[in-house]
There are 2 protein chains.
Amino acid sequence: MSTGNFKHDLFSQFARVAKALSNGHRLELLEFLAQGERSVDALAQVSGLTVANTSQHLQQLRQTGLVINRKAGHKVYYRLSGMDVSALLGSLREVAERHLADVDRLVYDYLKVKDSLEPVPAAQLLERVRDGLVTVLDVRPPEEYAAGHLPGAINIPLAELEKQLDALDPSQEVVAYCRGPHCVLAFDAVSKLRERGVKARRLDGGLPEWRLEGFPVESSST
Amino acid sequence: MSTGNFKHDLFSQFARVAKALSNGHRLELLEFLAQGERSVDALAQVSGLTVANTSQHLQQLRQTGLVINRKAGHKVYYRLSGMDVSALLGSLREVAERHLADVDRLVYDYLKVKDSLEPVPAAQLLERVRDGLVTVLDVRPPEEYAAGHLPGAINIPLAELEKQLDALDPSQEVVAYCRGPHCVLAFDAVSKLRERGVKARRLDGGLPEWRLEGFPVESSST
DNA sequence: CAATTATTCAAGGGATCTATTGAATTAATG
DNA sequence: CATTAATTCAATAGATCCCTTGAATAATTG
């Protein structure tokens, strides 16, 4: 009977994919890649890993089909192989948050205390942008903003926020977002804005989650 | 700055969950558990693993919150901790099938050749059952059927199928299902039925996927 | 063509994972 | 209360994973 072998082989393949996700550094790399395409050394910089180490992790991700790369000049650019990878990461995040007490506590301690308000659902934000009611604020680094952002969003990286407060219309509510549901940038931005008396909330999820819902994404790259 | 530590800790936790999924045997155990609650030795039997080994794998799954257990008599029964775990497994499956050439080939060689017809979507099956147009056939072992099955489905394990052909109304189309999208039982059942001249198709997905769509599940256990 | 930049390759030690074995718990049974 | 059944625990060897280091490969630049 080859059916036993088939099942075994199939599950082994699924396990390969899970194994690629079974390392914190690789998950972090994937979150960066979910913002857009990036070169190896750019990823090494933002993740704080050695270049060689980054390269090896990326190759593992590539061998399991989670990312693909292209060579341009003497740089190699990696990106997610599809939005289904973002969906998988979202599933993983959700299960971890729901069933691991450690995660729940971490999230509560570091994030929830900073923002007791409910985040704005993506669909609702879209409506309110159409009606001109809110300013959408992207607090990620400019490279990530350039690679893709919410339509009409303005980009003020967190570090610049205090200096550029006047770029915001004080009569409008601000909705801030960054890389994903657990990215601290948007939490910090919202809390800073509120201290300055600006009405601010967080988007529910970051750019990858917005994309996954099928909403339009603007790109500055020409 | 504690934000770096927070991110690191968080991704490490996500990685723990992925690590629990990074072994073929554990994935197989999870697929069995997605059918319903089962004891350790029942799982050891169907998976072909040692009892001690099965127990250790189950404990790893438990430590990452993917399964929970309850003690009854001197048996311990494990089950999935939630349907989000089924959803995560589905995501993993989908990504693997879409991006790993090996999986695509495996599935094609072992399954697609057996059933060139498109499977029936769950929603469509529900309609046709209401109209009394189809016989729903559950080809899993009786324990799994007892733990939960599609409303009105009859249970004929694959091995019994030839003997019990007369239990099927020959004028009706049969829709067969089993444990999931890659479970061979339903594929084999459909092909056997067609050889006997019975009009047969497969359900798209198994019981866990049916549940995930929010459709009703019947249970024989009293 | 030599020098530089970005990435990959190769080898190593230390840690972690897996399956096996046999003993230890725990709860039911006679 | 001794016995049995189901599960877990503990210890072990072999495999795999992770990071570091230093060299090798390509593509670009002067």
Side-chain angles (χ1 to χ4, degrees), chain A residues 4-5 7-9 11-30 32-33 37-64 66-79 102 143, chain B residues 4 7-9 11-30 32-33 37-64 66-79 143:
Chain A
N5 277 332
K7 187 152 76 157
H8 182 266
D9 290 349
F11 281 123
S12 295
Q13 294 297 323
F14 297 162
R16 280 181 61 203
V17 176
K19 187 169 294 175
L21 302 176
S22 74
N23 176 284
H25 294 310
R26 282 196 291 274
L27 290 177
E28 192 182 353
L29 290 173
L30 287 172
F32 284 122
L33 289 173
E37 197 180 57
R38 306 208 72 172
S39 68
V40 178
D41 71 342
L43 288 166
Q45 282 221 298
V46 291
S47 66
L49 300 174
T50 313
V51 171
N53 199 6
T54 304
S55 174
Q56 291 188 45
H57 281 305
L58 289 170
Q59 281 171 68
Q60 283 190 62
L61 294 173
R62 200 167 74 95
Q63 279 162 14
T64 48
L66 296 173
V67 306
I68 51 185
N69 61 6
R70 93 189 148 84
K71 203 172 285 185
H74 50 193
K75 289 197 174 189
V76 178
Y77 291 94
Y78 282 82
R79 64 176 185 278
D102 292 336
E143 314 89 75
Chain B
K7 187 151 77 156
H8 182 265
D9 291 349
F11 280 124
S12 295
Q13 293 296 323
F14 297 163
R16 281 182 59 204
V17 176
K19 189 169 294 177
L21 302 176
S22 73
N23 176 284
H25 294 311
R26 283 196 291 275
L27 290 177
E28 192 181 354
L29 290 173
L30 287 172
F32 283 123
L33 289 173
E37 198 180 56
R38 306 209 72 171
S39 68
V40 178
D41 70 343
L43 289 167
Q45 283 221 296
V46 292
S47 66
L49 300 173
T50 313
V51 172
N53 199 6
T54 303
S55 174
Q56 293 189 45
H57 281 305
L58 289 169
Q59 282 171 66
Q60 285 190 59
L61 294 173
R62 200 167 75 95
Q63 280 161 13
T64 47
L66 296 173
V67 306
I68 51 186
N69 60 6
R70 88 188 152 84
K71 204 172 284 188
H74 50 193
K75 290 197 176 187
V76 178
Y77 292 93
Y78 282 80
R79 65 174 184 280
E143 314 89 73

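In what follows, chains are A, B, ... by sequence order, proteins preceding strands, each numbered from 1. Keep in mind the model is a prediction, meaning the values are calculated, not measured.
- When each of D:dC17, C:dT21, C:dT18 is scored by its nearest atom to the side-chain atoms of A:Lys19, the top-ranked nucleotide is D:dC17.
- In this structure, B:Leu33 and B:Leu58 have side chains that are in contact, with non-hydrogen atoms separated by less than 4.5 Å.
- The side chain of B:Ser55 places no N or O atom within less than 4.0 Å of a non-bridging phosphate oxygen (OP1 or OP2) of D:dT7.
- Contacts of A:Arg26 with the nucleic acid, taken as non-hydrogen atoms under 4.0 Å apart, involve only primed sugar atoms and P, OP1 or OP2.
- With a 4.5 Å cut-off on side-chain heavy atoms, A:Leu66 and A:Leu21 count as touching.
- B:Ser39 comes within contact range of the sugar-phosphate backbone alone, with a heavy-atom separation under 4.0 Å but no base atom that close.
- Judged by atom type and distance alone, A:Gln56 reaches the base of D:dT20 through a side-chain donor-acceptor pair under 3.5 Å.
- Comparing C:dT26, C:dT18, C:dT7 by their nearest atom to the side chain of A:Lys75 picks out C:dT7.
- In terms of modelled atom types and a separation under 3.5 Å, the side chain of A:Arg70 and the main chain of A:Arg79 share no donor-acceptor contact.
- Residues B:Leu61 and B:Leu30 form a side-chain contact, since some pair of their non-hydrogen atoms from C-beta on lies under 4.5 Å apart.
- OP1 or OP2 of D:dT20 has at least one side-chain nitrogen or oxygen of A:Thr50 nearer than 4.0 Å.
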Pull out every protein N or O sitting under 3.5 Å from an N or O of nucleotides 22-24 of chain D, one pair per line with the distance.
none

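- Phosphate proximity of C:dC17 to B:Asn23: absent, as no side-chain N or O sits under 4.0 Å from OP1 or OP2.
- For B:Tyr78, no side-chain nitrogen or oxygen approaches OP1 or OP2 of D:dA6 to under 4.0 Å.
- In this structure, B:Gln63 atom CD and C:dC17 atom P are separated by 11 Å, rounded to whole Å.
- Note: NE2 (B:His8) to C1' (D:dC18) measures 12 Å, nearest angstrom.
- Taking 3.5 Å as the limit, the base of D:dT7 and the side chain of B:Gln59 contain no donor-acceptor pair of atoms between them.
- Here the side chains of A:Asp102 and B:Asp9 are not in contact, with every heavy-atom distance at 4.5 Å or above.
- Nearest to the side-chain atoms of B:His74 among the listed nucleotides C:dA28, D:dC19, D:dT7 stands C:dA28.
- Nearest-nucleotide positions on DNA chain D for A:Asn53 and A:Ala72 put A:Asn53 closer to the 5' end.
- Side chains of A:Gln59 and A:Ser55: a donor on one and an acceptor on the other come within 3.5 Å.
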| Would B:Arg38 and B:Val46 satisfy side-chain contact (heavy atoms from CB on, under 4.5 Å), going step by step from the backbone distance to the final call? | CA-CA 10 Å; B:Arg38 306 209 72 171; B:Val46 292; 3.9 Å; yes

